[in-house]
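First up is the structure itself, then whatever we jot down about it.
Keep in mind the model is a prediction, meaning the values are calculated, not measured. Residue numbering restarts at 1 for every chain, and letters A, B, ... go by the order of the sequence lines.
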Amino acid sequence: MDWKTLAERLFGSDHGLTAEGDFITGDVRFDGAPLKVIGTTGHAPIGVQLALAQARVVLDTIEHHPGCPILLLIDTQGQQLRRRDELLGINRAMAHLGLCLDLARRRGHRVIGLVYDQALSGGFITSGLIADACYALPEAEIRVMRLPAMARITKLKPELLEALSQDNPVFAPGVENYVAMGGVRALWQGDLPLALRGALADAATDDRRAADGAARGGRKLASDVAQRVLDAA
Amino acid sequence: MISYAECSARERIARLFDANTFHEWLPPSERITSPHLAQLGVPSSFDDGVAIGRALLGGREVFVAAQEGAFMGGGVGEVHGAKLVGLLRRAQRDRPDAVLLLVDSGGVRLHEANAGLIAVSEVMRAVLDVRAAGIPVIVLVGSANGCFGGMGIVARCADQVLMSDASRLAMSGPEVIEASHGVDEFDARDRALVWRTTGGKHRWITGDCDVLLDDDVAAFREAACAAVNGSRPVTVESLEAEHLQLAARWALLPEALDGDVEALTLWQRLGVPKPEEVASMDVQALRALRTD
């Protein structure tokens with residue numbers, strides 16, 4: 001879904017969100033309360049600059065709007081694959097964004113992620129995946145990489161991966177698989193403001209993804225293995 | 001001098017910590033393996049490529065995880081990641097003096113792509129939970145594989161990064177960038193360029209690692225003993241300082257330059273008097289470049 005359509009469906013036509021290049025930001029009132037929106041569009045590659053731009057807004061929100069919930073609107077092709085970004089510490093800039101969002105959570109801000117178009121690996125890991133909870137639209141796409149590329153790098157036959165992806169959510173792209181594995185808490189369908197309202201009310205601050213993955217059958221071992229470490233003699 | 005880079009994960013544990021003090025949780029005898037590799041026809045490992053447990057370091061109790069780069073490049077899969085998360089949660093509960101992560105990883109294990117991605121993000125949140133509990137998390141980067149992908153982000157979520165000049169820390173590997181944007185963007189076969197962009201010396205000059213070490217297990221042990229004392233709370237002030245530093249650094253290199261001069265230009269602008277000599281400088285000489 002186009003970000004403007006999304007903004008209108010969530011907040012009405014006077015939503016007040018603006019895009020500067022690939023970067024979306026805005027202060028909206030939702031159900032009469034302030035909400036900070038931070039996002040990207042155009043399948044933005046997340047480089048040092050875009051990570052810092054997002055971090056800046058998060059820090060400002062912590063400092064000037066205590067407790068204000070933060071909604072992350074996610075559309076990214078992944079991390080910026082450029083040498084200069086690596087040289088300038090893209091991993092550190094990404095971590096910085098993650099730390100800012102994590103501190104916001106600890107300071108009492110709700111942090112909600114919504115994948116409304118596309119989410120890939122590095123661009124997703126310090127946004128939606130570090131939120132209290134991440135949601136997705138049904139038509140969104142989430143993956144680490146495409147199956148042909150995965151086949152090339154792992155030196156596995158594409159037909160094998162294709163076959164396995166039919167019933168094993170671990171291999172295949174798709175929001176349903178991320179729901180099954182607990183990485184996405186739920187899909188937002190139909191009444192989007194209702195869904196956002198529910199998310200803001202529901203957002204737990206503990207990491208329930210492994211438990212969700214076990215309960216939904218998409219990631220059967222993660223929760224159990226972590227528990228075994230806690231119980232080990 | 002014993003090369004840290006050439007050690008296996010278990011050799012690193014044996015040599016880094018007080019003799020015979022490592023107690024492993026979920027050891028290979030329990031055969032907790034990846035459920036996903038067999039159906040791909042890929043051999044699994046009885047520890048899924050990571051050893052976790054507690055040990056003494058200079059007499060102090062620490063929790064430790066050591067990734068084995070020889071198994072699937074140290075890639076984080078469902079079980080591997082869950083062992084790391086379990087260790088970090090246990091640290092929150094049992095409160096050791098520190099958690100040491102001996103990273104040797106290319107990041108997400110592509111064979112378990114989606115599960116690995118979620119797992120790395122769970123590790124990240126668990127690391128920050130441990131830090132918030134006031135327990136330092138120390139990352140050691142000294143392997144030949146280095147620390148890449150999601151683990152490169154995890155490293156920068158820790159209190160401190162200890163790194164050797166024989167290792168590398170970054171996000172995307174040079175091959176991935178070359179495959180995406182061509183050899184002119186990043187020539188992955190140009191070893192000197194790769195080291196200038198991702199190597200320990202560069203990470204030291206920029207402050208991306210807190211301590212620069214020789215490729216020597218004893219040096220890592222000494223630095224780890226010192227690092228255990230330093231919890232660095234995450235606060236608005238600390239993040240503002242970090243933000244300022246990253247923004248200032250970005251401003252130092254406002255546009256991409258030719259690979260031959262890009263890193264050297266940045267180093268010069270960071271105050272290194274003779275950047276062309278960095279490649280041949282030893283660790284001691286490099287340490288003198290930073291006074292903070």
Side-chain angles (χ1 to χ4, degrees), chain A residues 48-49 52 55-56 59 62-63 79 81-84 86-96 98-100 102-103 106 121-122 124-126 129-130 143-145 150 153-154 156 160 164 168-171 177-178 181-183 207 209-210 213 219-222 225-230 232, chain B residues 25-26 32 35-36 39-40 52 78-79 81-83 85-87 89-90 93 108 110-115 117-122 124-125 128 132 150 152-153 156-157 170-172 176-177 180-181 185-186 197-198 206 208 234 236 239-240 242-243 246-247 249-250 253 256 259 262-263 266:
Chain A
V48 172
Q49 221 169 3
L52 289 180
R56 182 68 262 157
L59 283 172
I62 295 173
E63 287 168 64
Q79 68 269 28
L81 296 168
R82 295 286 184 181
R83 193 187 60 223
R84 181 168 63 130
E86 290 296 339
L87 185 78
L88 293 168
I90 183 173
N91 60 314
R92 182 170 174 179
M94 294 260 192
H96 175 59
L99 261 73
C100 290
D102 188 77
L103 184 70
R106 290 177 202 283
S121 59
F124 187 33
I125 207 159
T126 55
L129 287 178
I130 207 162
R143 58 187 153 85
V144 174
M145 61 173 60
M150 201 188 292
I153 290 175
T154 58
L156 296 164
L160 174 67
L164 285 168
N168 189 334
V170 161
F171 301 107
N177 289 328
Y178 274 79
M181 290 184 299
D207 191 343
R209 292 174 290 179
R219 210 156 46 112
K220 294 174 182 153
L221 283 184
V225 168
Q227 189 57 46
R228 283 179 73 164
V229 178
L230 283 159
Chain B
W25 294 313
L26 276 50
I32 296 172
H36 307 297
Q39 50 194 329
L40 296 172
I52 57 164
E78 177 174 353
V79 169
K83 287 177 77 174
V85 170
L87 182 84
R89 294 234 175 99
R90 189 166 178 151
R93 185 189 71 191
V108 172
L110 286 175
H111 302 73
E112 307 180 23
N114 298 340
L117 183 67
I118 299 171
V120 169
S121 77
E122 288 171 330
M124 206 174 292
R125 279 190 67 173
L128 296 174
I153 305 178
R156 287 299 322 177
C157 288
M171 178 110 196
S172 305
V176 176
I177 295 175
S180 175
H181 285 97
E185 176 68 26
F186 204 156
T197 310
T198 63
T206 55
D208 290 355
V234 180
V236 171
L239 292 180
E240 282 290 359
E242 174 77 357
H243 197 91
L246 289 172
R249 186 203 290 185
W250 180 258
L253 205 64
E262 192 171 61
L266 178 66

Between [X] and [Y], what is the shortest heavy-atom contact and its length?
X        : Y        : value
B/Leu239 : A/His96  : O-CE1, 3.2 Å
A/Gly122 : B/Met171 : CA-CE, 3.7 Å
A/Glu86  : B/Ser172 : OE2-N, 2.7 Å
B/Ala119 : A/Arg219 : N-NH1, 4.4 Å
A/Ala222 : B/Ala82  : O-CB, 3.3 Å
A/Gly98  : B/Leu128 : O-CD1, 4.5 Å

[atom1] of [X] to [atom2] of [Y]: how many Å apart, nearest 0.5 Å?
X        : Y        : atom1 : atom2 : value
A/Ile90  : B/Arg156 : CD1   : CZ    : 14.5 Å
B/Arg90  : A/Gln227 : CZ    : CD    : 10.5 Å
A/Leu99  : B/Ile153 : CG    : CD1   : 11.5 Å
A/Leu87  : B/Glu262 : CG    : CD    : 5.0 Å
B/Ile177 : A/Arg84  : CD1   : CZ    : 12.5 Å
A/Leu52  : B/Leu246 : CG    : CG    : 5.5 Å

Who among [options] has the most heavy-atom pairs with chain B under 4.5 Å?
options                               : result
A/Asn177, A/Asn168, A/Ile62, A/Thr126 : A/Asn168
A/Leu81, A/Ile130, A/Val144           : A/Leu81
A/Leu129, A/Leu230, A/Val225          : A/Leu230
A/Asp207, A/Leu59, A/Val48            : A/Asp207
A/Gln79, A/Arg143, A/Lys220, A/Met94  : A/Gln79

Side chain from CB out, backbone as N, CA, C, O: work out which of these in [X] comes under 4.5 Å of a heavy atom of chain A, or both, or neither.
X        : result
B/Ile32  : side chain
B/Arg249 : both
B/His181 : side chain
B/Thr197 : both

Counting heavy-atom pairs under 4.5 Å to chain A, which of B/Ala115, B/Gly150, B/Ala263 comes out on top?
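Heavy-atom pairs under 4.5 Å are most numerous for B/Ala115.
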With a 4.5 angstrom heavy-atom cut-off, is it the side chain or the backbone of [X] that approaches chain B, or both, or neither?
X        : answer
A/Leu103 : side chain
A/Arg56  : both
A/Leu88  : both

Hydrogens and angles aside, do A/Arg92 and B/Thr206 bring a side-chain donor and acceptor to less than 3.5 Å of each other?
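There is no such pair (donor and acceptor under 3.5 Å, judged by atom type) between the side chains of A/Arg92 and B/Thr206.
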For A/Arg209 and B/Ser121, what are the C-alpha separation, side-chain angles and deciding distance, and is it a side chain to side chain contact (heavy atoms under 4.5 Å, CB included)?
CA-CA 10 Å; A/Arg209 292 174 290 179; B/Ser121 77; 2.8 Å; yes
Could you tell me whether the side chain of A/Asp102 reaches within less than 4.5 Å of the side chain of B/Met124, counting heavy atoms only?
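B/Met124 vs A/Asp102: side chains apart.
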B/Arg89 versus A/Val229: any side-chain heavy-atom pair under 4.5 Å?
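Contact flag for B/Arg89/A/Val229 side chains = no.
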Keeping the roles fixed (side chain from B/Glu185, backbone from A/Arg82), state whether a donor-acceptor pair exists under 3.5 Å.
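No, the answer is negative, given that no donor and acceptor are paired below the 3.5 Å cut-off.
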Counting distance only, does the side-chain N/O of B/Glu78 pair as donor-acceptor with the main-chain N or O of A/Leu221 below 3.5 Å?
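Checking the backbone N and O of A/Leu221 against the side chain of B/Glu78, a donor-acceptor pair under 3.5 Å is found.
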Show your working on side chain to side chain contact (heavy atoms under 4.5 Å, CB included) between B/Ile118 and A/Tyr178 and close with a plain yes or no.
CA-CA 9 Å; B/Ile118 299 171; A/Tyr178 274 79; 3.8 Å; yes
